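Here the structure is laid out as structure tokens; the discussion comes afterwards.
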Amino acid sequence: MAGVTTIIEAIPDATISPVKSFVKFLLRDPSSICAGYQAKQLHAQLLKYYSIASSSSSILAIYCRLRLTDDSFRVFSSIPSPSRSSWTSLIRCAATAGLFPVVISLFHRMRAAGAPPNPTILPTVLKSCTILKNSKLGESLHACTIFFGLDSDLYTCNALLNMYCKLADCQNAYNLFDEMPRRDFTGGNTIRNDALDQTLVGSFSRHFPVDNMMKLFNSMAERDVTSWNTIIAWYMENGRHEVALAMVRKMTNIGLRPDSFTLSTVLPNFAEFADVSKGKEIHGFAVRNRLDRDLFMGSSLIDMYANSTLVNYSYHVFDRLPNPDAISWNSVIGASVQNGQFNHGLRLFRQMLLSGVKPGPVTFSCLMPACAHLATLHLGKQLHGYVIRQCFGSNVFVLSALVDMYAKCGNICTARRIFNAMPSIDMVALTAMIMGYALHGPVQEALSLFRRMERENWRPNYVAFVAVLTACSHAGLVDEARTFFDSMRVDYGITPCLEHYTAVADVLGRAGKLEEAYEFISKMHIEPTASVWCTLLGACRVHKNEELAEKAAKKIFQLEPENMGSLVIMSNIYSAAGKWNETAEMRRLIRDKGLKKQPACSWIEIKNKVHGFIAHDTTHPSHGRIVEAWEALMEQMKNEGYEPNTDEVLHDIEEEQKIVNLCGHSERLAIVFGIISTPPGTTIRVTKNIRVCVDCHTASKFISKIVGREIILRDFNRFHHFRDGECSCGDFW
DNA sequence: ATAGGGTTAG
């Protein structure tokens, strides 16, 4: 308040009494003091005109209210025998500053000074004790409340209840109920060992039996919404979602209306099970009760809708939040990225920065996958720089996301460097790294990391097996793939899912074991999808097995009548076998259905700008220079022994025209553009939306040798590092 | 005064 300063400054040396009386007035109602400098001026006046003892407790209360922690402690230490309210103020002040051990030691000092515990301070002390996981002290505090007859105080009881919930022994919790605890959604049927260990280790005293919490809740004379919310949160935390929901109904039945705490606690249940109709009910209830602008509700709702793939609802909720905080932004960024709207996620991040909300580590772990999927290395690097400057560089979530981002953006060495420097290794980082190697080619590195995972007792989950099986499949390691697949079921009890089956079918097919692959797919315990049969169909083309190809194609037609890819492949198979009638039939089908192939496109970043190329695109400003450079390259390539391979050109045209068509492939345009737009020796990084074609693969090998450059091509399936005439995939893809 | 929301591998 401006008034405070002006009046005190206006009468510095005036008669003492007006100042004195004003100071008295301020002390009677200090609510007008709302800035630190005003409090300090008042403090100075007090020191000048009054004895220290009489006034310091008043000034302490003001300092505490303004959260001036240091000043509060200084004033407090000047009080010879602090009053009950001084102790209370200072302890609260320490709690708001997050100095929980200080809260405890102050409480001990207060008791030693002879002050009895009181219900205004016990909840705060109990909260600190809960955060510090000090169950020993917690127990004695409980005894203390009973001894002093404070066990009928609702706030104290709620705080005690919360302590027994947070420090409850989860192992016993599981025994208390008949059914097994939480379902494991990672595909196995065991509790994740890392999650369990964290609840048991790390606290310096024992956990409470779950009984304590139940007894206290049942014996409480009075229970308010907070009491119910506390216990509901415990059930949610321990995977007993149905019980939590039953409790919500129960509290409603006895006339307690769920509030935003209740709803934001139970919403993650509907997010996890993508139960959007129940989630919408809660949303409706929130709107009717004007709880929908609560930030906690908001982020739960955003997440729930995102998990149900209704990301537009997430945006709707977010747009209605009055002052979104960092968590609200994280939720909406995560929502868009998890739903594949990567560019929008990046846009939201920029808006977050513009709105002045500081991103935290969670923001980056939500956002980094967007860069990974878009393969925008320069953006990923910018975010990495931000992470380092903000000192988030030791957060395992952020680091794992970075490992994944660098691997997916083609920088496998940087990924490994970050991985090696991680303060503690994380299951996700290990898996991301294994997948990285699987995508780039060094299969032995992938296998050795998987062995390390097992050796260090990280129980591999279904994702880890997807990674290691992908590595085997990309390298053609048939026996290893079979072994891992069996081990997954036998040693780890993980039921295989589509991705595992696809990887194994793929490696069998590409190794030419077509019959075995067919058997394998036929015996799947889940219905194979068209994509699994497509894997086999592709293999049948390479290994020229017409009969099996027809079987596979038939399955694909049944499952996905609109699948054009299989028609194209069949047409190629028939024409390669000289079966012109069948070829014509396939082409007629393609024509009738209207061939809508996804247009092939490739892109390359030059000087922070993305240049995209669609096949046969002549619109790029540098198109003339690209063609010129390509013709020069072609001459040299021919001298080195390059022969165009037109097998993958579908169009019914003359051979010469086919060769011209090849030259217009998008990856080739992007590579040549990269070469003429960067200094000699620069690595060329190109991304393509579908698989690289055989001829472009061969051509890229020649080009890498002729121009002496490394060319890193990321296609739909994996990375190809072309260097000195060789490719990291070993021509196996 | 006590209770609540968002993270990375697929």
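Everything numeric here is computed off the predicted structure, so don't read it as measured data. Lettering follows sequence order; numbering is per chain, from 1. Just so you know, these numbers use all the heavy atoms, side chains as well, and skip hydrogens, waters and symmetry mates.
- You'll find a donor-acceptor pair under 3.5 Å spanning the side chain of A/S299 and the base of B/dG5, going by distance alone.
- By the ring-ring contact (aromatic ring centres under 6.0 Å, His included) test, A/F485 is found to be paired with A/Y501, A/F520, residues two or more places apart in sequence or in another chain being considered.
- Contact annotation: A/Q338 does not reach the phosphate of B/dG10 (side-chain N/O to OP1 or OP2, under 4.0 Å).
- A/S331 comes within 4.0 angstrom of sugar-phosphate atoms only, judged by non-hydrogen atoms across all strands, and of no base.
- Every residue was checked against the side chain to side chain donor-acceptor pair (under 3.5 Å) condition with A/T88, not counting sequence neighbours, and none meets it.
- Atom CE of A/M297 is separated from atom P of B/dG4 by 15 Å (rounded to the nearest Å).
- Between A/K127 and B/dA3 there is a side-chain polar atom (N or O) within less than 4.0 angstrom of OP1 or OP2.
- Between A/N162 and B/dA3 there is a side-chain polar atom (N or O) within less than 4.0 angstrom of OP1 or OP2.
- Residue A/N158 forms a side-chain hydrogen bond (donor to acceptor under 3.5 Å, both in side chains) with just one option from A/D224, A/T230, A/N229, A/T226, and that option is A/D224.
- Straight-line distance from the NE2 atom of A/H373 to the P atom of B/dA9: 6 Å, rounded to whole Å.
- Remark: side-chain polar atoms of A/S314 are paired, donor with acceptor, to backbone N or O of A/A306 under 3.5 angstrom.
- A/F484 meets the ring-ring contact (aromatic ring centres under 6.0 Å, His included) test with A/F450; sequence neighbours excluded.
- Residue A/L295 is in base contact, counting any heavy-atom pair closer than 4.0 Å across all strands shown.
- Looking at A/S300, its side chain has no donor and acceptor atom pair within 3.5 Å of the base of B/dG5.
- The distance between atom NE2 of A/H474 and atom C1' of B/dG10, rounded to the nearest whole Å, is 14 Å.
- Taking only side-chain atoms of A/T265, from C-beta outward, the nucleotide of B/dG10, B/dT8, B/dG4 with the closest atom is B/dG4.
- Donor-acceptor pairing under 3.5 Å, judged by distance alone, is absent between the side chain of A/T230 and the base of B/dA3.
- For the atom pair CG of A/L367 and SG of A/C371, the computed distance is 5.5 Å after rounding to the nearest 0.5 Å.
- On a pure distance criterion of 3.5 Å, no polar donor-acceptor pair joins the side chain of A/D294 and the base of B/dG5.
- Residues forming a ring-ring contact (aromatic ring centres under 6.0 Å, His included) with A/F285 (at least two apart in sequence, or on another chain): none.
- For A/N461 against B/dA9, a side-chain N or O and a base N or O form a donor-acceptor pair under 3.5 Å.
- At whole-Å resolution of the value, CZ in A/F392 and P in B/dT7 are 17 Å apart.
- Applying the ring pair (Phe, Tyr, Trp, His ring centres under 6.0 Å) test to every pair with at least one member in residues 306-334 of chain A, sequence neighbours left out, gives these pairs: A/Y305-A/Y313, A/Y315-A/H344, A/F318-A/W329.
- Taking the ring centre of A/F217 as origin, the terminal cationic atom of A/R223 falls inside the region bounded by 6.0 Å and 45° from the ring axis.
- B/dT8 has no base stacking with the ring of A/F397 when judged by centroids under 5.5 angstrom apart and an interplanar angle below 30°.
- Below the 3.5 angstrom threshold, one finds no donor paired with an acceptor across the side chain of A/D259 and the base of B/dG4.
- Within the 4.0 angstrom heavy-atom criterion, no nucleotide atom of any strand lies near A/D224.
- One interatomic measurement links the two molecules: CD1 of A/I434 to P of B/dT8, which rounds to 19 Å at whole-angstrom precision.
- Across all strands, A/S328 comes closer than 4.0 Å to base atoms (heavy-atom distances).
- Within the structure, a side-chain polar atom (N or O) of A/K166 is placed less than 4.0 Å from OP1 or OP2 of B/dG4.
- The distance between atom CG of A/L439 and atom P of B/dA9, rounded to the nearest whole Å, is 13 Å.
- Taking atom CG of A/L399 as the reference point, atom P of B/dA9 lies 14 Å away to the nearest angstrom.
- Comparing B/dG10, B/dG4, B/dA9 by their nearest atom to the side chain of A/S260 picks out B/dG4.
- DNA chain B is contacted by A/V362, A/S365, A/P369 of residues 359-372 of chain A, taking any non-hydrogen atom closer than 4.0 Å.
- Across the protein-nucleic acid pair, A/M220 atom CE and B/dA3 atom C1' stand 11 Å apart, rounded to whole Å.
- Counting only heavy atoms from C-beta on, A/N395 has its side chain closest to B/dT7 among B/dA9, B/dG4, B/dT7.
- Between B/dT7, B/dA3, B/dG5, one nucleotide has an atom nearer to the side chain of A/I327 than all others, and that is B/dG5.
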